Amino acid sequence: MSNLPSHARVVIIGGGAVGASSLYHLAKAGWADCVLLEKNELTAGSTWHAAGNVPTFSSSWSIMNMQRYSASLYRELGTLVDYPMNYHVTGSIRLGHSKERLQEFKRVVGMGRYQGMDLDILTPDEMRSRYPFLETHELTGALYDPYDGDIDPAQLTQALAKGARDLGAKIIRFCPVTGARRENDEWVISTPQGEIRCEYVVNAAGYYAREVGKMFGRDVPMMVMSHQYILFDEIPELAAWSKEAGHKLPLLRDVDSSYYLRQEKYGMNLGPYEKNCRAHWVTPDDPMPEDFSFQLFADDLERLEWYLNDAVERVPILGTAGLSRVINGPIPYAPDGNPLIGPMPGVPNAFEACVFTFGICQAGGAGKVLAEWVTEGQTEWDMWSCDPRRYTDYTDQDYCIAKGMEIYGHEYAMHFPKYYWPAGRGKKLSPIHDRIAALGAQFKPYNGWERAMWYAKPGDDTSEQATQTWGREGPWARRIEEECLAVRDAAGILDLPGFSRFRIKGEGAREWLTGLITGRVPKPGRIGLAYFADDKGRIVTEMSVMAIEEDFFFLITAATAQWHDFEWLQKHRPADAAFTLDDVTANFSCQILTGPRSRDILAEISDADLTKGWLTHQTAQIAGRYCQLVRVSFAGELGWEIHTKVDETAAIFDTVWAAGQKHGLKPFGMEALDSLRIEKGYRAWKGDLSTDYTVLQGGLERFVDWSKPTFKGKAALEREKQQGVSKRFVTLTVEAGECDAPYMSTLWSGGEVVGETTSGNWGYRVGKSIALGMLRADLAVPGQEIEVEIFGERFKAIVQLDQPLWDPSNERLRA
Ligand SMILES: Cc1cc2nc3c(=O)[nH]c(=O)nc-3n(C[C@H](O)[C@H](O)[C@H](O)COP(=O)(O)OP(=O)(O)OC[C@H]3O[C@@H](n4cnc5c(N)ncnc54)[C@H](O)[C@@H]3O)c2cc1C
């Protein structure tokens, strides 16, 4: 007889470490009426054969947060749920071969300190004292992480499962989910044991997530790689040392050579991420099996040879050990290597917690995040780096395979800011792609759309080698400066394909928007910035609202925010609304024409009324083609955005380009735009603007209309206003060295950490290094001197007035 309940509040599909942790955290949040369905035994997917490493290291703030949470949960889980586990905290040594790698480590030490972790940098001598078998040739230093360790993945899963069961949740094994349908606002999940109805469903099916996604009409962006580790026999010297020391060696990660080496009992475990890597189940002659429970791929030692030799040179005792076993298992990859945790795009009451490449060390944190998504519809930490909606419609299988292979082969690579990774490119091209490529554009994708980052001149070094730096200087620096100065002194044009655009039209649209944003909805003919807060008053997103008529608007937002922002609007649109809401991104394109000569250029080619002021828009013609001319400039100069139908982009560009030549018109790219906007203190989405901050902390009070009877987030913001904010957005000028402050650099005052940067860049118009950030409120006073830690070094910084550094009274914008 089936023991499948007929109903549950939440059904989780998949019983690996992540599904079990999700169930545990839901139950802990008081949602005990949840059921996990596993097609085989718990752990049958990737979990059973994982090596079980539990690092905290990440160069991403949110992933580090998630892993830090996991590590601290695992320390106490055995006691919490009364299920003793093998969890060894051995610490780890991450070897660096270059100056840039050490800079990366120092940045991570800073982020770790901010999260309460005491990471450290080691010299070669210090490495040897912690790891006596180590050869230190070619090393510049290392990062020591005392919290790193390893856990038995099966025991971890069972412990989480026990904890969940003890709190009343259910786990049904040998119960594959075979289908899903929506009925009366519920999900009906089919299994061979019968059907179960639920309010919410979670896809935690690991490398089978794509197959499960199809049941919901969702194409999960992922692919599967084969990943191996080699186990070695006991090494007598290691056994002797370990017995005498009374502990294991720290885990060693040679990230520049791309492998880890871990003590396993008195032997070793070597796990490389090979450049010559292998995808699985991606070609017709290698179909994905219906069931791969508790199975492995055949050993493929040839691929590992280089890594083995390198490891033997690094730790020679390894050369004396016999190889005992190879584990070669499936490991899923999303195109950026981060998991998918959050709402399933376009599917109601459905969530994803899948495609984990580091699912053992992330399971704890992922369960917490997933449970928050389900129970509260929002998460404590901003988790955009893992949000499934960061991908949209361009992630076909070719793309996923190309990116998965690229990421796997560079799993430990440094992500330098001027290196635009080459795999999976060219998914979406602007109609003028070839024209701007011919002008020297160096491209990077935004939501699949290739955009110019900077324009190289003949002879400029555009090689990958030239980009391997965290520094400001490089072949791009003079070009970016020239582009910024052209915008300041003459005019620049920037093609912005893929700007996300939503049309809202019909009775009630204005009233609805008024209740959703914190500020005022612009009058017809005008455009304004709008902030969307959640119920805690935190910044969900920022969009430009272009009012065409009283009840007709275009909302314009970042390319990457397309699915995220559209879902926010859809979620809050009343079911009986008389107005329509459509995503019309694909139909339109935008070019920015900005700089003091932009009016002269437009005067020659358009019939527009160019006396219309800042924050207005109008329909006009350029070269006989209709466009919407919008008087705004993210660069902070006189300027217009030219919004057109996609098909008109080329004709408009050609006309503007030809007319602009005698006025000094130059193309400029996203790098210059970022420098220009930071001088204006304009915030960037998911850097300066995120749910980690409230609208008031973000310094956006001028976009709050307190006189409105109600708007989303008002109560929380009113409370915060009364109590006063704990931290506040500031603009800083920094006496920086060769690098500007990257995201999440720590701010110091009087020996204490007092805040963090949210973005940083060089401002070419003001000739200064600038950082935007969040500072303890009592220090957020103009003129206050503090320090910014940039790649481990501290630099003096001064808090600026709450106004743009460039053109503080916006005269150039209003010109
Ligand atoms: C060789 C190797 C070493 C690794 N080492 C580490 C490491 O050291 N540290 C680390 O953090 N990560 C490591 N990983 C990655 C780690 O194994 C995975 O990220 C992790 O196990 C993913 O857990 P999961 O719960 O998301 O998926 P899985 O463990 O794959 O679980 C998914 C579950 O869903 C079930 N399922 C699928 N379809 C259905 C269906 N239709 N109905 C019901 N159930 C279904 C499956 O049977 C499976 O049990 C390693 C991976 C490999 C291959």
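Side chains are part of it too, since the values below use all heavy atoms of this structure and drop only hydrogens, waters and symmetry mates. The structure presented is a predicted model; accordingly, all values stated were derived computationally and were not measured. Counting starts at 1 for both ligands and their atoms, following the listed order.
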Exercise. Does Asn40 reach ligand 1, in the sense of a heavy atom lying below 4.0 Å from it?
Worked result: no

Exercise. In ligand 1, which numbered atoms sit nearer than 4.0 Å to a non-hydrogen atom of Gly329?
Worked result: 53 (C)

For this session: Could you please spell out the steps behind the ring pair (Phe, Tyr, Trp, His ring centres under 6.0 Å) verdict for Tyr69 and Tyr74?
Result: CA-CA 9 Å; Tyr69 174 91; Tyr74 300 169; 8.7 Å; no

Seminar exercise, completed: Correct closest heavy-atom pair for Arg303 and Asn276 would be CG-O, 3.3 Å

Exercise. Considering Gly359, Ser46, Ala205, which one's heavy-atom position lies nearest to atom 28 (P) of ligand 1?
Worked result: Ser46

For this session: Using heavy-atom distances, let me know which of Ile189, Ile12, Thr47 sits nearest atom 21 (O) of ligand 1.
Result: Thr47

Exercise. Looking only at side chains, do Arg75 and Tyr87 share a donor and an acceptor under 3.5 Å apart?
Worked result: no

Problem set entry | Mode of Pro330 contact toward ligand 1 - side chain, backbone, both, neither (heavy atoms, under 4.0 Å) | backbone

Exercise. Which of the numbered atoms in ligand 1 are below 4.0 angstrom from a heavy atom of Phe356?
Worked result: 18 (C), 19 (O), 26 (O)

For this session: Tell me yes or no: between the side chains of His415 and Trp421, is some donor less than 3.5 Å from an acceptor?
Result: yes

Problem set entry | Distance filter under 4.0 Å to Gly52 heavy atoms, resulting ligand 1 atoms | 7 (C), 8 (O)

Problem set entry | Aromatic plane relationship, Trp281 with Tyr207 - under 30° parallel, 30 to 60° tilted, over 60° perpendicular | tilted

Problem set entry | Ala51 neighbourhood, listing ligand 1 atoms whose heavy-atom distance to it stays under 4.0 Å | 3 (C), 4 (C), 5 (N), 6 (C), 8 (O)

For this session: Tell me yes or no: between the side chains of Tyr408 and Glu274, is some donor less than 3.5 Å from an acceptor?
Result: yes

Problem set entry | Closest heavy-atom pair and its distance - Gly364, Ser70 | N-OG, 3.3 Å

Exercise. Can you tell me the protein heavy atom closest to atom 15 (C) of ligand 1 and the distance?
Worked result: Thr357 O, 3.3 Å

For this session: Look at atom 25 (O) of ligand 1 and find which of Val54, Leu156, Val18, Leu37 reaches it with the closest heavy atom.
Result: Val18

Exercise. In terms of side-chain heavy atoms, does Asp310 have a donor or acceptor partner in Tyr259 at a distance below 3.5 Å?
Worked result: yes

Exercise. What residue and atom, counting heavy atoms only, is the protein's closest point to atom 34 (O) of ligand 1, and at what distance?
Worked result: Gly14 CA, 3.2 Å

Problem set entry | SB check Glu567 Arg389 (cutoff 4.0 Å) | yes

For this session: With atom 35 (C) of ligand 1 as the reference point, say which of Glu38, Lys39, Met225 has the nearest heavy atom.
Result: Glu38

Exercise. Is Ser293 in contact with ligand 1, taking contact as a heavy-atom separation below 4.0 Å?
Worked result: no

Exercise. Between the side chains of Ser190 and Thr178, does any donor sit under 3.5 Å from an acceptor?
Worked result: no

Exercise. Please state which protein non-hydrogen atom is closest to atom 9 (N) of ligand 1 and give its distance, to 0.1 Å?
Worked result: Asn53 O, 3.1 Å

Exercise. Going by atom types only, do Asn40 and Arg173 share a side-chain donor-acceptor pair under 3.5 Å?
Worked result: no

Problem set entry | Distance filter under 4.0 Å to Gly15 heavy atoms, resulting ligand 1 atoms | 33 (C), 34 (O)

Problem set entry | Over-ring placement of Arg182 relative to Trp187, 6.0 Å and 45° cut-offs | yes

Seminar exercise, completed: Checking heavy-atom distances from atom 1 (C) of ligand 1 to each of His227, Gln362, Glu290, Arg262, the winner is His227

Problem set entry | For ligand 1, the portion of Ala17 having any non-hydrogen atom under 4.0 Å away | backbone

Problem set entry | Contacting atoms of ligand 1, where contact means under 4.0 angstrom from a heavy atom of Ile13 | 40 (C), 42 (N), 43 (C)

Exercise. Counting from 1, what ligand 1 atoms have a heavy atom of Ala44 closer than 4.0 Å?
Worked result: 49 (O)

For this session: Please state which part of Phe358 comes within less than 4.0 Å of ligand 1, counting heavy atoms only: side chain, backbone, both or neither.
Result: both

Seminar exercise, completed: ligand 1 to Tyr229, heavy atom cutoff 4.0 Å, flagged ligand atoms 1 (C), 3 (C)

Problem set entry | Heavy-atom nearest neighbour in the protein, as seen from atom 42 (N) of ligand 1, with distance rounded to 0.1 Å | Val177 N, 2.9 Å

Problem set entry | Test of ring centre spacing under 6.0 Å for His227 and Tyr273 | yes

Exercise. Do we see a donor-acceptor contact under 3.5 Å between the side chains of Tyr200 and Glu186?
Worked result: no

Problem set entry | contact_flag Cys354 ligand 1 heavy-atom lt 4.0 Å | no

